[in-house]
There are 2 protein chains.
Amino acid sequence: MDRVYKALADPTRRDILRLLRQRAMTAGELAGHFTLSKPTLSGHFAVLREAGLVHAEKVGTTITYRLHLSVLEDALRCLMDGFGLGERSTATHKPEGETS
Amino acid sequence: MDRVYKALADPTRRDILRLLRQRAMTAGELAGHFTLSKPTLSGHFAVLREAGLVHAEKVGTTITYRLHLSVLEDALRCLMDGFGLGERSTATHKPEGETS
DNA sequence: TCGGTAATTAGCAAAATACCGAATCATACG
DNA sequence: CGTATGATTCGGTATTTTGCTAATTACCGA
């Protein structure tokens, strides 16, 4: 799970995810949206892949990247759960004394 | 908002946030939960402060750190909104194929 | 097989990050 | 005052991250 946080820490990678949210794109197509070099972008793709946030599909010589929405969603939900957010006093556990 | 992502990227800082979720603690008290040196922890506190995730209250010579739950919640909500999560069937765009 | 295109890997420099010990600041107490 | 305590800031080092160019791999078409 640590890889997901690290992957989200970089603004370029967050931009990539936002682009992929609209539609799947090839590596070159994605690279066209940035001023960074292709190898640099390729490195960002690898980080996102290892975090499980995107899926790479090789067709011919081109590689199409697709957003793994479910993984991203799970990661954020796990994050919120970890901090006790998203649940409105579920009553499943007694949350600390909180003696104001 | 970038500061929030960066702050969450470090496991030690996430641990600090989880500790603070249970109750507010002083800097020294927090440091007692880690093997890291106090200056190192102090640096982590600063990052969390600058991200707005915690609030520091100085009483005597001691500084008590308190979690800003609302800021953390907002940050995560903003994160999910940015990626179009939290809303079911966006209907704002046609998600290609997606057969099966 | 040869040339061209798409993308990655290799190798390296620069910047950011994390860590520590020592020094410093601020407050409390005798 | 002088000292002790809680915490931060300072100076330095090691590691990680980010970026580049050049070289490499993989595939397609003529």
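Residue numbers start from 1 in every chain, and the chains themselves are labelled A, B, ... in the order their sequence lines are given, proteins ahead of strands.
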Give the nucleotide from the list [options] with an atom nearest to the side chain of [X].
{"X": "B:A27", "options": "D:dT18, C:dA7, D:dT8", "value": "D:dT8"}
{"X": "B:T61", "options": "C:dT9, C:dT27, D:dA7", "value": "C:dT27"}
{"X": "A:P39", "options": "D:dA7, D:dA22, C:dA7", "value": "D:dA22"}

Measure the distance from [atom1] on [X] to [atom2] on [N] and round it to the nearest whole Å.
{"X": "A:L41", "N": "D:dT21", "atom1": "CG", "atom2": "P", "value": "13 Å"}
{"X": "B:K58", "N": "D:dT8", "atom1": "NZ", "atom2": "P", "value": "9 Å"}
{"X": "A:K38", "N": "D:dT24", "atom1": "NZ", "atom2": "C1'", "value": "16 Å"}
{"X": "B:D10", "N": "D:dT15", "atom1": "CG", "atom2": "C1'", "value": "13 Å"}
{"X": "A:F45", "N": "D:dT18", "atom1": "CZ", "atom2": "P", "value": "14 Å"}
{"X": "B:M25", "N": "D:dA7", "atom1": "CE", "atom2": "P", "value": "11 Å"}
{"X": "A:I16", "N": "C:dA7", "atom1": "CD1", "atom2": "P", "value": "13 Å"}
{"X": "B:K6", "N": "C:dA18", "atom1": "NZ", "atom2": "C1'", "value": "14 Å"}

Any side-chain donor near an acceptor of the partner, A:H44 and A:R13, under 3.5 Å | yes
Considering just the side-chain nitrogens and oxygens of [X], establish if one lies under 4.0 Å of OP1 or OP2 belonging to [N].
{"X": "B:T40", "N": "C:dC20", "result": "yes"}
{"X": "B:Y65", "N": "D:dG6", "result": "no"}
{"X": "A:S42", "N": "C:dT8", "result": "yes"}
{"X": "B:S37", "N": "C:dC20", "result": "yes"}
{"X": "A:H44", "N": "D:dG19", "result": "yes"}

Any chance you could lay out the salt bridge (Lys or Arg N to Asp or Glu O under 4.0 Å) test for B:R14 and B:D10, step after step, and finish with the verdict?
-> CA-CA 6 Å; B:R14 290 198 300 273; B:D10 187 272; over 6 Å; no
Mapping A:R13 and A:V59 onto DNA chain D by nearest heavy atom, which one lands closer to the 5' end?
-> A:R13
Test side-chain contact (heavy atoms from CB on, under 4.5 Å) applied to B:T26 and B:T61, B:I63, B:T64, the passing residue =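 Answer after filtering B:T61, B:I63, B:T64: B:T64.
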Side-chain donor/acceptor of B:R66 to backbone N/O of B:A24, under 3.5 Å |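 Side chain of B:R66 to backbone of B:A24: no pair is present.
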What orientation do A:H55 and A:H68 show, parallel under 30°, tilted 30 to 60°, or perpendicular over 60°?
->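 It falls in the parallel class, under 30°.
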